[in-house]
Amino acid sequence: MHASTAVQPIAAARDESPWWRGAVIYQVYVRSFADGNGDGIGDLAGARSRLPYLRELGVDAVWLTPFYPSPMADGGYDVTDYRDVDPVFGDLADFDALLADAHELGLRVIIDVVPNHTSDAHAWFAEALAGGPGNRARERYIFRPGKGDEPPNDWESIFGGPAWTQVPDGEWYLHLFAPEQPDLNWQDAEVRAEFTGILRFWLDRGVDGFRIDVAHGMVKDPALADVGRTGQVSLLTKERLPYFDQDGVHEIYREWRTILDAYPGHRIAVAEAWVPDAERLARYVRPDELHQAFNFHFLDCAFDAAAMRRVVEESLAIEAPTWVLSNHDVQRHVTRYGGGYVGQRRARAAALLMLALPGSAYVYQGEELGLPEVLDLPDEVLQDPMWERSGRTERGRDGCRVPVPWSGEQAPFGFSAGEPWLPMPASWGGITVEAQSGEPGSMLALYRTALRVRRDHPALGDGALRWLDGPSGVLIFDRGPGFVCAVNAGPDEVELAVDGELLCASGPVYLLSDRRSRTWVVPAETAAWWTVG
Ligand code: GLC
Ligand code: CA
């Protein structure tokens with residue numbers, strides 16, 4: 001039986017375009033968003049209590065990172081039971097309550113599904129270990145004999161070190177991530193059937209879609225051929241590797257699409273696929289496959305007009321473009337763009353660029369507050385497996401996972417009634433949601449305004465753009481009907497003739513009064529939106 005959940009679109013549908021094509025989807029990293037029970041760890045009850053904030057912020061949907069039972073070797077991306085909730089995050093009733101509230105508020109909910117690997121504490125893996133070589137249970141994973149004392153091939157874990165671990169009976173198993181995350185064998189019919197069952201389980205509960213973790217990873221070159229070099233992680237978005245972006249993954253998504261399409265209300269799937277170029281990415285969003293794929297090329301792009309224009313053009317060739325500046329795996333963009341005042345100024349401009357582009361945008365919790373990466377977490381609090389796996393050379397991703405500051409003058413700033421799982425900088429009192437709420441010049445005010453305009457203006461969201469001529473260092477485009485966006489990415493202010501009314505700007509844009517045509521001064525590293533005609 002397929003439960004059908006009535007989801008009311010927040011804004012009246014402006015055309016026939018399905019909701020997700022122009023949606024703004026807010027990523028909740030559950031552990032760090034809001035803590036409902038005071039144990040210092042964010043949870044579903046906490047997230048539920050903050051849904052009105054997200055509604056007011058003006059996003060369309062929420063993506064929840066994994067909340068499944070897990071030993072948390074990788075922040076919950078090591079799952080032992082795909083049909084339940086870890087007690088740290090709550091229970092299924094909490095999930096249902098969150099989903100019901102979200103739908104009541106007009107917010108859709110997508111959840112993370114982690115199909116490339118299970119936890120090593122998953123019942124299947126225990127069975128595989130106990131069964132020994134040649135056992136049927138081993139076929140659900142990728143077990144191989146080694147080459148003498150060496151692993152079966154030269155593949156490397158994304159978190160550092162070899163991608164193979166030897167078990168006491170001598171065989172090795174593949175784990176592209178931590179040893180606690182054994183890779184599943186997607187050639188195995190039982191593995192495939194299990195995941196279609198998992199998708200149905202959550203679709204029946206009413207979720208609006210899935211974010212597919214490591215969507216480029218499930219199928220490996222059957223020959224398990226050597227890569228032939230070390231430092232493989234640096235090739236992730238540059239070259240194809242025998243364990244990533246193999247053509248066989250697409251067969252899985254064609255099957256998944258038929259499942260999604262059988263449910264009412266446009267249930268979607270978005271791929272986390274790190275692939276070399278837009279052409280390879282486009283394969284994940286062919287009409288009979290997934291709806292969206294994260295655009296990591298936009299995320300990777302420097303704050304430079306020519307580079308941004310190139311990435312935008314390439315991305316617009318993709319069927320359903322998405323835009324993303326930050327997530328729980330990368331350094332927060334305020335810091336990436338240079339930090340401090342420069343980082344904030346660029347992040348403000350980038351937000352207006354992202355939200356003006358055709359397609360759907362992903363906002364990572366805290367980016368609407370302009371949170372920087374926390375670079376000085378003490379060694380002893382670091383939890384990302386990357387830290388130990390890299391021999392303590394890569395500090396990992398904890399710096400972008402520090403809990404969200406909500407209110408008050410002192411840590412944990414309303415995040416929790418207890419000690420937060422990662423320490424929060426004492427200096428964050430000025431950038432809490434509460435502190436920024438009354439501040440017209442704040443990052444939060446900018447996001448709120450931009451999201452409101454995006455919702456009201458008929459040109460924004462899904463659609464197309466047309467580039468206009470501008471001075472060097474400036475991106476300028478219009479969208480019909482009646483919208484212009486300009487981003488001055490250069491170091492000097494520029495004058496732009498735009499015959500329209502200013503809708504919002506990331507910095508002090510003003511009209512020159514002594515000219516016949518309407519000429520605007522746009523400061524360095526500043527973006528603006530106008531309504532025209
Ligand atoms: C994805 C997740 C990341 C996780 C990895 C392994 O890249 O976003 O957080 O560590 O998959 O599951
Ligand atoms: Ca908690």
Side-chain angles (χ1 to χ4, degrees), residues 27-50 63-68 70-80 82 85-91 94 98 110-120 122 157-160 163 174-184 210-218 233 236-237 243-245 270-275 293-294 296 299 324 326-331 362 364 383-390 394 396-401 403-404 412 414-422:
Q27 179 187 355
V28 168
Y29 190 72
V30 178
R31 165 173 292 274
S32 302
F33 188 59
D35 176 17
N37 67 353
D39 67 355
I41 300 174
D43 48 43
L44 294 178
R48 180 183 173 206
S49 74
R50 298 295 186 179
W63 149 32
L64 299 173
T65 55
F67 47 74
Y68 311 108
S70 165
M72 310 287 167
D74 182 23
Y77 283 95
D78 47 323
V79 178
T80 53
Y82 291 84
V85 173
D86 193 283
V88 155
F89 299 129
D91 57 23
D94 292 323
L98 181 155
I110 69 175
I111 61 172
D112 231 301
V113 58
V114 189
N116 181 67
H117 43 263
T118 67
S119 162
D120 64 344
H122 192 285
S157 155
I158 304 305
F159 295 150
L174 180 71
H175 54 86
L176 294 178
F177 293 87
E180 295 86 352
Q181 294 166 299
D183 279 55
L184 285 165
F210 301 96
R211 177 260 189 195
I212 303 169
D213 189 60
V214 197
H216 54 311
M218 281 123 85
V233 67
L236 274 190
T237 50
Y243 46 86
F244 280 148
D245 194 29
V270 52
E272 184 216 20
W274 296 85
V275 297
F294 293 127
F296 294 124
L299 180 153
V324 53
S326 276
N327 63 34
H328 66 296
D329 290 328
V330 299
Q331 191 175 71
Y362 282 81
Y364 177 46
Q383 311 234 351
D384 188 347
M386 204 176 267
W387 170 238
E388 293 296 343
R389 294 275 305 162
S390 68
E394 300 284 341
R397 302 161 293 175
D398 293 311
C400 65
R401 298 174 178 179
V404 169
F415 162 70
S416 170
E419 184 78 14
W421 71 280
L422 282 175

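Just so you know, ligand 1 is whichever comes first in the structure, and atom 1 is the first atom listed for that ligand. Remember, it's a predicted structure, so these values are computed and weren't measured experimentally.
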Can you see which heavy atom on [X] is nearest to which on [Y], and at what distance?
X: Ile158; Y: Met386; answer: O-CE, 4.5 Å
X: Cys400; Y: His328; answer: SG-O, 3.4 Å
X: Gly160; Y: Arg389; answer: O-NH2, 2.7 Å
X: Arg397; Y: Pro385; answer: NH2-CD, 4.3 Å

Under 3.5 Å: donor-acceptor pair, side chain of [X], backbone of [Y]:
X: Glu272; Y: Val214; result: yes
X: Ser416; Y: Asp35; result: no
X: Asp94; Y: Leu44; result: no

Using a 4.0 Å cut-off to any heavy atom of [X], which atoms of ligand 1 qualify?
X: Arg211; answer: 2 (C), 8 (O)
X: Arg401; answer: 9 (O)
X: His117; answer: 6 (C), 12 (O)
X: Val214; answer: 11 (O)
X: Phe159; answer: 10 (O)
X: Arg397; answer: 3 (C), 4 (C), 9 (O), 10 (O)
X: His328; answer: 2 (C), 3 (C), 8 (O), 9 (O)
X: Glu272; answer: 1 (C), 7 (O), 8 (O)

Is [X] near ligand 1, meaning one of its heavy atoms is under 4.0 Å from it?
X: His216; answer: no
X: His175; answer: no
X: Trp274; answer: no

Seminar exercise, completed: The single option from Val114, Thr65, Leu64, Asp112 that satisfies side chain to side chain contact (heavy atoms under 4.5 Å, CB included) with Arg211 is Asp112
For this session: Examine Phe296 together with Trp274 and report whether their ring centres are nearer than 6.0 Å.
Result: yes
For this session: May I ask you to check whether Phe294 and Tyr362 place their ring centres under 6.0 Å from each other?
Result: yes
Problem set entry | Cut-off under 3.0 Å, centre the Ca ion (ligand 2), protein N/O/S atoms | Asp35 OD1, Asn37 OD1, Asp39 OD1, Ile41 O, Asp43 OD2
For this session: Return the set of residues passing salt bridge (charged side-chain N to carboxylate O under 4.0 Å, His left out) with Asp398 (not counting sequence neighbours), or none when no residue passes.
Result: none
Exercise. When rounded to the nearest 0.5 angstrom, what distance separates OG1 in Thr237 from CG in Leu299?
Worked result: 10.5 Å
Seminar exercise, completed: Rounded to the nearest 0.5 Å, the OH atom of Tyr77 sits from the OH atom of Tyr68 at a distance of 9.5 Å
Around [atom], find the nearest protein heavy atom and jot down its residue, atom name and distance.
atom: atom 4 (C) of ligand 1; value: Asp74 OD2, 3.3 Å
atom: atom 5 (C) of ligand 1; value: Phe177 CE2, 3.7 Å
atom: atom 2 (C) of ligand 1; value: Asp213 OD1, 3.0 Å
atom: atom 9 (O) of ligand 1; value: Asp329 OD1, 2.7 Å

